[in-house]
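As structure tokens, the structure follows; a few thoughts come after it.
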Amino acid sequence: MPINVLMPALSPTMEKGNLAKWLKKEGDRVKSGDVLAEIETDKATMEVEAVDEGTLAKILIAEGTADVAVNTPIAVIAADGEVASSDTAPKPVPTPAAPLISAAPSLSAEPALVAKPIGSAATVSAATSTEGQRIFSSPLARRVARDKGIDLSKIAGSGPHGRIILRDVEAASASVGVKLDAPAPAPSVKPTAPAGLSDDMVLKLFEPGSFEIVPHDGMRRTIARRLTESVQTVPHFFLTVDCEIGALMKLREEMNAAAPVKDGKPTYKISVNDFVIKALALALQRVPEANASWTDGGMLKHKHSDVGMAVAMPGGLITPIIRKAETKTLSVIAGEAKDYAARARNRKLKPDEYQGGTTAVSNLGMYGIKHFTAIINPPHATILAVGAGAERAVVKNGQIVVVNQMTVTLSCDHRVVDGALGAELLTAFRDLIEKPMGMLV
């Protein structure tokens, strides 16, 4: 009998994803392991593989469709001689008309915009036509239509059951020039929280036409939600020290100079950040009480140091994890860090490569930042903010001398790490950084 291909859960917390692209088309032969489609989550693009052999008889969810719930049938694979029934296709669920502007304190809503096609004016509706007739369309198609000023009631849908999808909006946009104007006047609403400004209040603070609204993508929404939860629920405190890195820089230079050459290139190139990751991992082993996570039921005491490294990427950031970093050599850490950073920027990381971890490193030294504080990303109990290394004048034995220093700040979850424990961890870290040969034995 025909077999449904379901929207997979790519992580334990995933509830929905975007069907970015079909790599097979209806009628194609597939075998187990063939990649059928690409699924976008908030921080990564993953592939859906066929688990059975047969023919891709029917595509139920068109590419470009956003917010497809986990376990929703997205396609049907049929054996030879079988025909996929039309009853397999999920019935479109009417989308309720959205208010023009959200009253939530954050700017996470997607406000409706007034867009004016050349020579006329038209208002974009989220789910209904100007006559009040229900329009079936994907969330992604509605969002792009709002941005481009396209009236969905004028578009014929090519998706399942006539649903309007992204390619329909793009085709309509290509045939009509569109100019984006100021946002629509917002209705009078009351903030839903005592603090902060609602969306309509913020819009009223600026002159119409002096800005544009860029809708939030899934990554930015997730970052906003998680970091807001962190600052609201995690009692942060911060500890700062200056570390001398002269010995580290000399050792780094010697290690990189000694790297074996393959195909005309060094097999590794160790960075200061690789030393920082290794030092923090070893420090957590020296101070194991700080290598923990808070839960309401009890404290999780971790056996290994899984250190996250913050990687900037278009539209946000992600923190891939160097697992068991205390057991790995600096050259191995350097190789993993380089691989993770490259794949992170292309959104090719797997969920198990960036979820979890016991601590993290955020390094802005390459931007010349001397000092900053970082927000803890639960379930971590700490995060280390690393500034730029530079030559500084300091007093030693009553004499002014020049040393190469780097300022680091440890953010601690006070539920897990008390002040003295945090100081002990940071002291252990500084000792390893200033005497880096200890990381090699």
Could you tell me whether the side chain of V394 reaches within less than 4.5 Å of the side chain of I400, counting heavy atoms only?
no

Is a donor on one side and an acceptor on the other found under 3.5 Å between the side chain of Y268 and the backbone of M255?
yes

Indicate yes or no: does R286 engage D431 in a salt bridge with an N to O separation below 4.0 Å.
yes

Residue pair A344 / L349: nearest heavy atoms and the distance that separates them:
CB-CD1, 3.6 Å

Stepwise side-chain contact (heavy atoms from CB on, under 4.5 Å) check, L410 with L425:
CA-CA 9 Å; L410 184 70; L425 175 62; 3.9 Å; yes

Any donor-acceptor N/O pair, D413 side chain to R415 backbone, under 3.5 Å
yes

Can you see whether D200 engages S198 through a side-chain donor-acceptor pair at a distance of less than 3.5 angstrom?
yes

I'd like to know if E353 and R323 make a salt bridge, using a cut-off of under 4.0 Å between side-chain N and carboxylate O.
no

Could you walk me through whether L426 and V408 satisfy the side-chain contact (heavy atoms from CB on, under 4.5 Å) test, starting with their C-alpha distance in whole Å, then the side-chain angles of each, then the deciding distance to 0.1 Å, before giving a yes or no?
CA-CA 9 Å; L426 200 52; V408 300; 4.1 Å; yes

Let me know which of K303, K301, Q285 forms a side chain to side chain contact (heavy atoms under 4.5 Å, CB included) with N291.
Q285

Could you tell me whether the side chain of R252 and the main chain of F275 form a donor-acceptor pair under 3.5 Å?
no

Short question: side chain of T72, backbone of A69 - any donor-acceptor pair under 3.5 Å?
yes

Verify, without hydrogens or angle tests, whether K25 (side chain) and L56 (backbone) share a donor-acceptor contact under 3.5 angstrom.
no

Between D418 and L421, is there a donor-acceptor pair closer than 3.5 Å when you use the side chain of the first and the backbone of the second?
no

Do the side-chain N and O atoms of T327 and H304 include a donor-acceptor pair separated by under 3.5 angstrom?
no

Evaluate K16 against V68 for side-chain contact (heavy atoms from CB on, under 4.5 Å), listing each step before the verdict.
CA-CA 5 Å; K16 56 189 177 182; V68 181; 5.8 Å; no

No-hydrogen, no-angle side-chain donor-acceptor test under 3.5 Å, H302 and S293
yes

Side-chain (T358) to main-chain (D306) donor-acceptor, under 3.5 angstrom:
yes

Using 4.0 Å as the upper bound for N to carboxylate O, is an ion pair formed by R343 and D339?
yes

Can you tell me how far CD1 of I433 sits from CG of L248, rounded to the nearest 0.5 angstrom?
5.5 Å

Polar side-chain atom of E326 near backbone of S305 as donor-acceptor pair, under 3.5 Å
yes

Checking the side chain of W22 only, and the main-chain atoms of I61 only, is there a donor and an acceptor separated by less than 3.5 Å?
yes

Minimum-distance pair of heavy atoms, taken over all atoms of C243 and F429
SG-CE2, 4.2 Å

Please check if any side-chain donor atom of T382 sits under 3.5 Å from a side-chain acceptor atom of T359, or the reverse.
yes

Side-chain (N256) to main-chain (E253) donor-acceptor, under 3.5 angstrom:
no

NZ/NE/NH1/NH2 to OD/OE distance under 4.0 Å, R220 and D217:
no

Check each of D242, V402, V401, N404 against R392 using the side chain to side chain contact (heavy atoms under 4.5 Å, CB included) test, and report the only one that passes.
D242

Show, in sequence, the C-alpha distance, side-chain angles and deciding distance for L36 and L23, and conclude whether the side-chain contact (heavy atoms from CB on, under 4.5 Å) test is met.
CA-CA 5 Å; L36 301 178; L23 302 178; over 6 Å; no

